[in-house]
*Asks:* 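Dropping the structure in here first, questions after.
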Number of protein chains: 2
Amino acid sequence: MPRKKADSKRRSGCPLNASVEILGDRWSLLIIRDMMLRGFRTYKEFLGSYEGIATNILADRLRKLIAHGIITTEKNPLDGRKVIYSLTPKGIDLAPVLTEMVLWAAAHEDTANQALVHEMRKDKEKFTSAIRQRWAETARAPKRFRSLRSQRLRDVDARRARRGQH
Amino acid sequence: MPRKKADSKRRSGCPLNASVEILGDRWSLLIIRDMMLRGFRTYKEFLGSYEGIATNILADRLRKLIAHGIITTEKNPLDGRKVIYSLTPKGIDLAPVLTEMVLWAAAHEDTANQALVHEMRKDKEKFTSAIRQRWAETARAPKRFRSLRSQRLRDVDARRARRGQH
DNA sequence: CAATCTTACTTGCAAAATACAAGTTAAAAT
DNA sequence: ATTTTAACTTGTATTTTGCAAGTAAGATTG
């Protein structure tokens, strides 16, 4: 079974064209950014992101990212409503692409988040390997239990806080 | 006069969002690839590129790339019909972005052009600085005369060849 | 345990972007 | 003087996007 498969409808075999066909829209990379940098894992979190993606577009993009093997889903066993989205190795490999796009815009456009940019610029390698590190700790199977447990604790806290506000 | 200017309509200040709003479509980066890697400079060359961009879309993308300061135009003084498109420093700074996108797709998708990919993978820095080098030689003002002269000679050759075919 | 929330979606429709075909205009070549 | 070429523009159909309003399954609350 081949791990790579040619998309028969592709306009050309150029690797840049492949990237552009998969990632070349106004939302896909922002979703990946939210997963990679902000640790977002649920539909609701993506919906709440600052840029304000529409719910139908979000559903469509998630579907496409899954189809391209960039993310995967699993159910949260502690709350059957929640779907947990995770980056695959292919997805986490987009870290250098994101990094270069951030650095380019930071150099040539008027943008915010200079702290992030400085960290990236200081040592790209270090930055992307730190991303990988966190991903390996939270998203991969071996340590899943810890991850789910801390998620559950956070949920309990959130509920308690909400009650407190009413 | 500030070299960077905030786009008031931007969805967020995140640098990745800026990149995605400027470059996030199916054609812009392909045009930049053709300029950077294939040395394309004219409308007709872009139109003839393998992926087959539609003429109205091409005109629109070129206009937007100019508006964003990524490319510039000048008239070819030897042929008043021709417009010469060039990458600006901001445009050539996209080389690392292109490189990472190519390497990502080459690693995870079924793509062609393995020679290019190997060269990129062997030494990214070397590759992007070679791109810069060529750009500095052909696109910048100081050596323009040589560039235009060789263009004229190529035109003459092309005409001679066409006549030969009839 | 019935009513109410939450979460992750889907559906319908208007507006915008894209693609395709067919012009148009200015300059160059014949 | 006529034809060709280069760089576009102008319709128009199709596709994609965005917005508002559902819906269904599961969890929480009184």
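Just so we're on the same page: letters track the sequence lines, and every chain starts at 1.
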*Asks:* Would one find a side-chain N or O of B:Arg63 under 4.0 angstrom from OP1 or OP2 of D:dT9?
*Replies:* yes

*Asks:* Show the nearest heavy-atom pair for residues B:Ala105 and A:Pro15, with the distance to one decimal.
*Replies:* CB-O, 3.1 Å

*Asks:* Could you name each residue pair satisfying salt bridge (charged side-chain N to carboxylate O under 4.0 Å, His left out) that touches residues 87-102 of chain B, not counting sequence neighbours?
*Replies:* A:Glu109-B:Lys90, B:Asp93-B:Arg132, B:Glu100-B:Lys124

*Asks:* According to salt bridge (charged side-chain N to carboxylate O under 4.0 Å, His left out), does anything in residues 44-55 of chain A pair up with another residue at least two apart or in another chain? List the pairs.
*Replies:* A:Arg33-A:Glu51

*Asks:* For the helix from C:dC1-D:dG30 to C:dT30-D:dA1, what is the angle between the axes at its two ends, each from 5 pairs, rounded to 10°?
*Replies:* 10°

*Asks:* If you compare all heavy atoms of B:Ser86 against all heavy atoms of B:Arg41, which two are closest, and at what distance to 0.1 Å?
*Replies:* OG-NH2, 2.8 Å

*Asks:* For A:Arg61, which residues count as a side-chain contact (heavy atoms from CB on, under 4.5 Å) partner, sequence neighbours excluded?
*Replies:* A:Asp25, A:Trp27, A:Ser28, A:Ile31, A:Ile57, A:Lys64

*Asks:* In whole angstrom, give the distance that lies between atom OH of B:Tyr43 and atom P of C:dT25.
*Replies:* 16 Å

*Asks:* Distance check needed: C:dT7 C1' versus A:Lys75 NZ, whole Å only.
*Replies:* 11 Å

*Asks:* Nearest of D:dG26, D:dC8, D:dT5 to any side-chain atom of A:Arg81?
*Replies:* D:dG26

*Asks:* In whole angstrom, give the distance that lies between atom NZ of B:Lys44 and atom C1' of C:dA28.
*Replies:* 13 Å

*Asks:* Take atom CG of B:Asn76 and atom P of D:dC8, then tell me their distance rounded to the nearest Å.
*Replies:* 13 Å

*Asks:* Sequence neighbours left out, what passes side-chain contact (heavy atoms from CB on, under 4.5 Å) with B:Arg121? Give chain and number order.
*Replies:* B:Leu103, B:Gln114, B:Val117, B:His118

*Asks:* Could you pull out the protein-nucleic contacts involving nucleotides 16-22 of chain D (nitrogen or oxygen on both sides, under 3.5 Å)?
*Replies:*
from   : atom 1 : to      : atom 2 : distance (Å)
D:dT17 : OP2    : A:Arg61 : NH2    : 2.4
D:dG18 : OP2    : A:Trp27 : NE1    : 3.0
D:dG18 : N7     : A:Asn56 : ND2    : 3.2
D:dC19 : N4     : A:Asn56 : OD1    : 3.3
D:dC19 : N4     : A:Asn56 : ND2    : 2.5

*Asks:* With sequence neighbours left out, what residues match A:Thr55 under side-chain contact (heavy atoms from CB on, under 4.5 Å)?
*Replies:* A:Tyr43, A:Leu47

*Asks:* I need the CG-C1' distance between B:Leu47 and C:dC20, as an integer number of Å.
*Replies:* 13 Å

*Asks:* Look at all strands and tell whether A:Phe46 reaches a base, only sugar-phosphate, or nothing, counting heavy atoms closer than 4.0 Å.
*Replies:* nothing

*Asks:* To the side chain of A:Lys82, which of D:dA6, C:dT7, D:dC8 is closest?
*Replies:* C:dT7

*Asks:* Starting at CZ of A:Phe40 and ending at P of C:dA8, how long is that distance when rounded to a whole Å?
*Replies:* 13 Å

*Asks:* Excluding sequence neighbours, so at least two apart, what forms side-chain contact (heavy atoms from CB on, under 4.5 Å) with B:Asp34?
*Replies:* B:Arg38, B:Phe40, B:Phe46, B:Ser49

*Asks:* Go through the structure and list residues passing salt bridge (charged side-chain N to carboxylate O under 4.0 Å, His left out) with A:Arg26, not counting sequence neighbours.
*Replies:* none

*Asks:* Between C:dT30 atom C1' and B:Asp79 atom CG, what is the distance in whole Å?
*Replies:* 15 Å

*Asks:* Taking CD from B:Glu74 and C1' from D:dA7, how many angstroms apart are they, rounded to a whole number?
*Replies:* 16 Å

